[in-house]
There are 2 protein chains.
Amino acid sequence: MPRNNLSREQIVQAAVGLLDTEGVDGLSMRQLGSRLGSTAAAVYWHVKDKEEILVLAAEAVWGEVQLPDLCESGWRAAVTTMANDLHAMTLRHPWLVPAMGFHPLYVPGRARHDDHLLAICQAAGFTGREAEQAMKTVLTFVLGSALVGNKGGPAESTGDDLNFGLRAILDGLHDRLVGRP
Amino acid sequence: MPRNNLSREQIVQAAVGLLDTEGVDGLSMRQLGSRLGSTAAAVYWHVKDKEEILVLAAEAVWGEVQLPDLCESGWRAAVTTMANDLHAMTLRHPWLVPAMGFHPLYVPGRARHDDHLLAICQAAGFTGREAEQAMKTVLTFVLGSALVGNKGGPAESTGDDLNFGLRAILDGLHDRLVGRP
DNA sequence: ACCTGAACACCGTTCAAGT
DNA sequence: ACCTGAACACCGTTCAAGT
């Protein structure tokens, strides 16, 4: 007979909440269980292990990032919008990028985000491997900002730093597109 | 009476070796002690806690990164050399960047590296806050590459990706220097 | 001064047992 | 089907006790 106190949705929601407030160290199976008014072992009926919870939580937060319409404005504006939206997400969920260092969190939501950014680069004029490299350059910089801005070095307004670097990258990519030395 | 089987140097050396081969999860105080022919508790006489071991290990590996002579060649070549050298270090010690997500590892060796990169940006013509932002852009991209290239997405030859993005950044910074739209 | 052994509180995970 | 309680093996850290 199902008691159904727990569901996958509730578990993921509680996990994201715990991660946001307590950090990755704060997410323990016992903490998670007690926050759900249950026990650690009960969680294991719904979920394989802690790794899967992290994967589900990652999928949830990647889903928060909006994917702008492809043919709305220029590729620079589209890339800037995606980068700032992703950056805002990493600020809301500061555990995600650090966790990526330890767990393979290449979830479908991440893949959709990457594909969308790649499509923008292709629409800008990049083809084949160059399009992937352009996409990866932007992505690496934004995710790197979540590391460098968070725990390393003197804290500053990361929004300014992000858009300074982003503009440099976009200018450099534009130079390559128009064949400027 | 000192038995002196253990020293800080030996502990750090063993810790780096353990981190390089087993990853951050492989570094436990008991493992570290037994690798040194001793015990976990013995390590605690030489070191405050595990965090301090990570700080010492980080200092050791940042010290491996060479700081090129400032007035040897152009600023682009100097930045490229530093970026590739740092990138090579993150490949030798893949635990460092992930660990930066969880522990404040702003060690003196890191500070020296940042200062040197900043000096190159200033020599290139950037002043004040812009110099710091230019430095941080390069640093963020290289450290981000250690995250994105390691665990996320399809693995490719990261050396090519690094220098593609680096060139875009340098081109963009150059545009800003010469006031090009 | 330097190290050992045992202990404490925690953790992820499993599993028989209950309903 | 869904959950509980207890257990296992591990962990970081402490601390009296040894030399």
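- Atom CG of A:Leu170 and atom CG of B:Asp175 lie 11.5 Å apart (nearest 0.5 Å).
- Here C:dC11 presents its P atom at 12 Å from CD of A:Glu22, a figure rounded to the nearest Å.
- Note: OH (A:Tyr44) to P (C:dT13) measures 3 Å, nearest angstrom.
- For the pair A:His103 NE2 and C:dG12 P, the computed distance is 11 Å after rounding to whole Å.
- Within residues 24-41 of chain A, the residues approaching DNA chain D are A:Ser38, A:Thr39, A:Ala41, by heavy-atom distance under 4.0 Å.
- Rounding to whole angstrom units, CZ of residue B:Arg8 and P of C:dA1 are separated by 16 Å.
- The side chain of B:Trp45 approaches C:dC2 more closely than any other nucleotide in the set D:dA1, C:dT13, C:dC2.
- Among residues two or more places apart in sequence or in another chain, the side-chain hydrogen bond (donor to acceptor under 3.5 Å, both in side chains) test is passed with B:Arg76 by B:Asp171.
- A straight line from CG of A:Asn5 to P of D:dC3 spans 6 Å, rounded to a whole angstrom.
- Note on A:His46: every side-chain N or O is 4.0 Å or more away from OP1 and OP2 of D:dA1.
- In this structure, CG of A:Asp49 is placed 13 Å from C1' of C:dT14, rounded to the nearest angstrom.
- Remark: B:His93 engages B:Asp20, B:Glu64 in a side-chain hydrogen bond (donor to acceptor under 3.5 Å, both in side chains) (not counting sequence neighbours).
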*Check the pair A:Phe164, B:Arg176 against side-chain contact (heavy atoms from CB on, under 4.5 Å), reporting the backbone distance first and the verdict last.*
CA-CA 10 Å; A:Phe164 177 97; B:Arg176 177 180 282 261; 3.5 Å; yes

Acceptor/donor pairs from residues 24-38 of chain B side chains to any protein atom, 3.5 angstrom cut, sequence neighbours excluded:
{"unit_1": "B:Ser28", "atom_1": "OG", "unit_2": "B:Gln31", "atom_2": "N", "d": "3.1"}
{"unit_1": "B:Ser34", "atom_1": "OG", "unit_2": "B:Gln31", "atom_2": "O", "d": "3.1"}

_From CA spacing to verdict: side-chain contact (heavy atoms from CB on, under 4.5 Å), B:Trp75, B:Thr80_ = CA-CA 8 Å; B:Trp75 65 276; B:Thr80 303; over 6 Å; no

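- Counting only heavy atoms from C-beta outward, the side chains of A:Met82 and A:Val65 never approach each other to under 4.5 Å.
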*asked:* Let's go through B:Arg110 and B:Met100 carefully: what are the C-alpha distance in whole Å and the side-chain angles of both, what is the deciding distance for side-chain contact (heavy atoms from CB on, under 4.5 Å) to 0.1 Å, and is it a yes or a no?
replied: CA-CA 11 Å; B:Arg110 156 85 189 271; B:Met100 285 173 55; 3.6 Å; yes

*Bracket notation of DNA chain D in which parentheses pair within the strand, [ ] cross earlier pairs, and | pairs with another strand (Watson-Crick or G-U, under 3.5 Å)*: ||.|||||...|||||.||

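- Between B:Ile11 atom CD1 and C:dC2 atom C1' there is a gap of 12 Å when expressed in whole angstrom units.
- Legend: residues meeting side-chain hydrogen bond (donor to acceptor under 3.5 Å, both in side chains) with A:Glu52, ordered by chain and number and at least two apart, are A:Arg8.
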